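Keep in mind that what you see is a predicted model, and the values were worked out from it rather than measured. Side chains are part of it too, since the values below use all heavy atoms of this structure and drop only hydrogens, waters and symmetry mates. For ligands, and for the atoms within them, numbers begin at 1 and follow the listed sequence. Residue numbers run from 1 in the order of the sequence given.
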Amino acid sequence: MDHRPIGVFDSGLGGLTAVRELRRLLPGEDIIYFGDTGRVPYGGRSPEAIVHYARQDVAFLRTFDLKAIVVACGTVSTTALDVLVRENDIPVWGVVEPAARAAARATRNGRVGLIGTQATIRSGAYERRIAREDPSIQVLTEACPLFVPLVENGRFRPGDIVAETVAAEYLAPMREAGVDTLVLGCTHYPLLTEVIGACMGPEVALINVGATCAAAVAERLRAMDALNPGGAGESRFYVSDSVEGFSRLASTFLQRDVQEAVTQVDIWAYPSEPPALANQPDLG
Ligand code: DGL
């Protein structure tokens with residue numbers, strides 16, 4: 001048994017789709033969530049900038065005594081996870097491995113589609129991980145940079161002509177290629193499930209990376225005997241931009257009324273060097 005909270009972070013509020021599922025699966029766990037709302041989106045940035053931001057996000061979360069960190073961001077998981085794992089002495093889990101496993105299991109025709117941010121697509125992380133499951137699976141990829149701003153602006157509901165037009169254009173190559181499984185490789189995308197599902201058709205399995213990651217976290221904590229079954233299940237939210245409007249947007253992602261307080265954090269004040277080096281004297 002481990003009473004410490006789980007730290008979860010994302011470039012913005014998309015990671016709340018993973019928190020929602022964590023809450024459902026592990027109602028006793030306390031969760032500390034950080035959303036880097038002041039610097040979202042990460043997806044168009046260089047790998048160096050993503051690693052820099054991710055280290056600061058983790059440095060903030062590590063001011064709490066955590067049992068594990070969940071990288072509820074496709075972009076950071078595909079681009080900076082190995083760095084974060086190497087530099088931390090608690091488990092750091094990302095979204096790629098569970099989603100790749102789920103996709104390999106779901107496909108019947110061996111054609112899997114992956115949509116995500118530019119950084120996620122550029123990384124090749126899913127192709128490598130899916131090939132380890134089954135090297136015969138073909139992975140077709142498409143960067144969808146307009147999806148995150150659409151979601152963050154509330155433009156994700158069926159009938160929204162902008163969302164439907166953008167989705168139709170991005171997803172046309174996937175439909176033509178006949179993929180039977182589509183990985184929604186960004187934690188913002190589950191809000192577009194209905195729009196994407198209508199475009200792809202009911203026979204295509206959609207993989208929600210936040211939800212598959214949450215299921216893997218539950219499994220791992222159980223295997224480590226590190227659950228907090230009798231816990232209160234509290235959530236604490238931190239963001240790097242103004243807290244105004246947080247509750248409304250967070251309620252959309254969590255699909256419940258958000259009453260909890262949210263605190264603004266000056267994320268630039270946290271170190272972006274590897275933690276082992278952060279406290280060393282400047283030898284100039
Ligand atoms: N939730 C992030 C991801 O999963 C959002 C994308 C971004 O910051 O560009 O990739």
Are there any N/O pairs under 3.5 Å between ligand 1 and the protein, and if so, what are their distances?
unit_1: ligand 1; atom_1: 1 (N); unit_2: Asp10; atom_2: OD1; d: 2.9
unit_1: ligand 1; atom_1: 1 (N); unit_2: Asp10; atom_2: OD2; d: 3.2
unit_1: ligand 1; atom_1: 1 (N); unit_2: Thr187; atom_2: OG1; d: 2.8
unit_1: ligand 1; atom_1: 1 (N); unit_2: His188; atom_2: ND1; d: 3.0
unit_1: ligand 1; atom_1: 4 (O); unit_2: Gly74; atom_2: N; d: 2.6
unit_1: ligand 1; atom_1: 4 (O); unit_2: Thr187; atom_2: N; d: 2.9
unit_1: ligand 1; atom_1: 4 (O); unit_2: Thr187; atom_2: OG1; d: 3.3
unit_1: ligand 1; atom_1: 8 (O); unit_2: Ser11; atom_2: OG; d: 2.6
unit_1: ligand 1; atom_1: 8 (O); unit_2: Tyr42; atom_2: N; d: 2.8
unit_1: ligand 1; atom_1: 9 (O); unit_2: Tyr42; atom_2: N; d: 3.2
unit_1: ligand 1; atom_1: 9 (O); unit_2: Gly43; atom_2: N; d: 2.7
unit_1: ligand 1; atom_1: 10 (O); unit_2: Gly74; atom_2: N; d: 3.4
unit_1: ligand 1; atom_1: 10 (O); unit_2: Thr75; atom_2: N; d: 3.0
unit_1: ligand 1; atom_1: 10 (O); unit_2: Thr75; atom_2: OG1; d: 2.6

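With Arg111 contributing its side chain and Ala177 its backbone, the two residues share a donor-acceptor pair below 3.5 Å.
When only modelled atom types and interatomic distance are considered, Ser240 and Asp36 share a side-chain donor-acceptor pair under 3.5 Å. No hydrogens or angles considered: nothing links the side chains of Asp57 and Tyr270 as a donor-acceptor pair under 3.5 Å. Side-chain N/O atoms of Ser251 and Arg256 include no donor and acceptor closer than 3.5 Å.
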Result block: side-chain N/O donor-acceptor pairs under 3.5 angstrom for residues 162-170, not counting sequence neighbours:
unit_1: Glu164; atom_1: OE2; unit_2: Gly159; atom_2: N; d: 2.7
unit_1: Thr165; atom_1: OG1; unit_2: Ile161; atom_2: O; d: 2.6
unit_1: Tyr170; atom_1: OH; unit_2: Leu146; atom_2: N; d: 3.0

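Tyr53 carries Arg39 over the face of its six-membered ring, with the cationic atom under 6.0 Å from the centre and within 45° of the normal.
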